Amino acid sequence: VSTQSTWGDVGVATMKKGERAILRCSSDFGYGDRGSPPKIPGGASLDFDVELFSWEDGSWEDHYQKDLKGIKKKWVTEPDEDSRYDKANFGAKIEFSYRGCATGEFKETFVAKEGVASVVGDDDTVDEIVLKLASYTPAGAKAIYKIPAEYAFGCEGVPEGFTELYYEIETKEAEKTDGVADLDNAAKITRCGALKKTGNERYKQNKLTTAIAYYKEANDCVHDYNIESLDTDEQKAEAKALKASNYNNIAMCYLKLKEYDQVIEFGDKCLGLKEDNAKAHFRVGQAYYQKKDYSKALESFESSLKYQEDNKTASAYVKRIKAILLREEKKQEAVYKRAFKRMKLDNDKQAAAEAKRKAAEAAAKAAVAPAEAEDDAPKDKAEAFAKAAAKMQGNAEGNGEEKTEEVAAEQPAEQTQPAAI
């Protein structure tokens, strides 16, 4: 037993949900005289800061079931040891009671039903998750299942805002039927055919999800390893043909449910076993067409016509898709032309701007060259003109002074005297 679990068992067991506490432990409940060098010396007392968020009692156990994960189970009434792992197989009759709760305490339930009589895998009046859990609850036993809320999406009465939900299920009676492992090779093929036939009936009743369940259960009888273990080549060929047909029927159901990815998945599985199945090619083509993947749709429809030349609907799809692809090609060409035209205009503008810039640089260089060649000359005509004008003005001013003196001497004397007052 680890030392950590010892102080945890003693200290944490005294705490309440949501409580935070300091647990002080003597060395006897810690690391003893040896310590945990270099951080914890020998004989040291330790303080642990602990916050308790939640706990789960040890009576919960993992629940294992096909296609279901993350489920816990707790027995309320345990089954006999011999029947602990019994389950009601697909198609078996079962009677049970159940109730659902959001918290696991079952003080308030969102659904509660007594004496439900059903058939495993073939009852659309009972929520699928409930019927699956009931099929794994042995007759005479009662169990509480804690499940991820997503498994109960859309189920009766389920509240919103919870990540986990609880169902309590008590099975009264469960029909015991042979599982696939209990059947001999001939019986496996016979059962596969019978389940397929029931699936076809449910399809005609428009119970598509139930029909899918029957087809899938039928193929469980003819897994690849079951086919390889069959006695004769005739049995192997019959088993492969049944398996391919069931895959094709599943694709057909999903097509009606508009789950196109599933159509493609199961259609391709069918074609993996029987490449010349014209119906499978056709249904895969319809799925791609609905997904607007026209190239793959065209390929599938043309493959369908390869094996069924008189399929007028497939021919119509081919004609329609080719017209769509031609329109898309023309649209794409127009888009490219517009893009190239814009690119050319942009390039022309850039080239014109560059040419203009270079012309401006050349003109500037040409204007500077003459001035650099004449060292003693005036820098420009304006400067030369200004000097000439100044010289001429100086000459004019000298002639004016001499004339003024001559005129003043010739004036009468009385005109030069001040006027009397």
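Computed over heavy atoms, backbone and side chain alike; hydrogens, waters and symmetry mates excluded. Numbering starts at 1 and runs along the sequence shown. Fair warning: this is a prediction, and the values are worked out from it, not measured in the lab.
By the ring-ring contact (aromatic ring centres under 6.0 Å, His included) test, Tyr260 is found to be paired with no residue, residues two or more places apart in sequence or in another chain being considered. By the ring-ring contact (aromatic ring centres under 6.0 Å, His included) test, Phe162 is found to be paired with no residue, residues two or more places apart in sequence or in another chain being considered.
The salt bridge (Lys or Arg N to Asp or Glu O under 4.0 Å) analysis of residues 197-221, with sequence neighbours excluded, yields the pairs Lys66-Asp220, Asp122-Arg202. Residues in residues 259-271 take part in these salt bridge (Lys or Arg N to Asp or Glu O under 4.0 Å) pairs, two or more places apart or across chains: Asp261-Lys291, Glu265-Lys269. Sequence neighbours left out, not one pair with a member in residues 304-315 passes salt bridge (Lys or Arg N to Asp or Glu O under 4.0 Å).
Between Glu78 and Arg84 there is a salt bridge, since a side-chain N of the basic residue sits under 4.0 Å from a carboxylate O of the acidic one.
Ring geometry for Tyr289 against Tyr294 counts as perpendicular: the plane angle is over 60°, on a 0 to 90° scale with 30° as the lower cut.
Residues Asn246 and Leu195 are not in side-chain contact: their nearest non-hydrogen atoms beyond the backbone lie 4.5 Å or more apart. With contacts defined as side-chain heavy-atom distances shorter than 4.5 Å, the pair Gln332/Tyr336 qualifies. For the pair Lys113 and Phe96, the minimum side-chain heavy-atom distance is 4.5 Å or more. Put simply, the side chain of Asn200 reaches to within 4.5 Å of the side chain of Lys196, judged on heavy atoms.
Within 6.0 Å of the CZ atom in Arg20, the count of heavy atoms belonging to other residues, nucleotides or ligands does not exceed 12.
Proximity of the aromatic rings of Phe110 and Tyr166 is defined here by a centroid distance below 6.0 angstrom, and this criterion is not met. Between Tyr64 and Tyr136, the distance from one ring center to the other does not fall under 6.0 angstrom.
In this structure a side-chain-to-backbone donor-acceptor pair under 3.5 Å is present from Ser135 to Lys132.
Residues Asp123 and Ala117 share a closest heavy-atom pair of OD2-O, 3.9 Å. Smallest separation of non-hydrogen atoms from Ile264 and Ala287: CG1-CB, 3.7 Å.
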Pairs under 3.5 angstrom only: tabulate donor-acceptor contacts from the side chains of residues 235-242 to other protein residues two or more places apart or in another chain.
from	atom 1	to	atom 2	distance (Å)
Gln235	OE1	Asp231	N	2.9

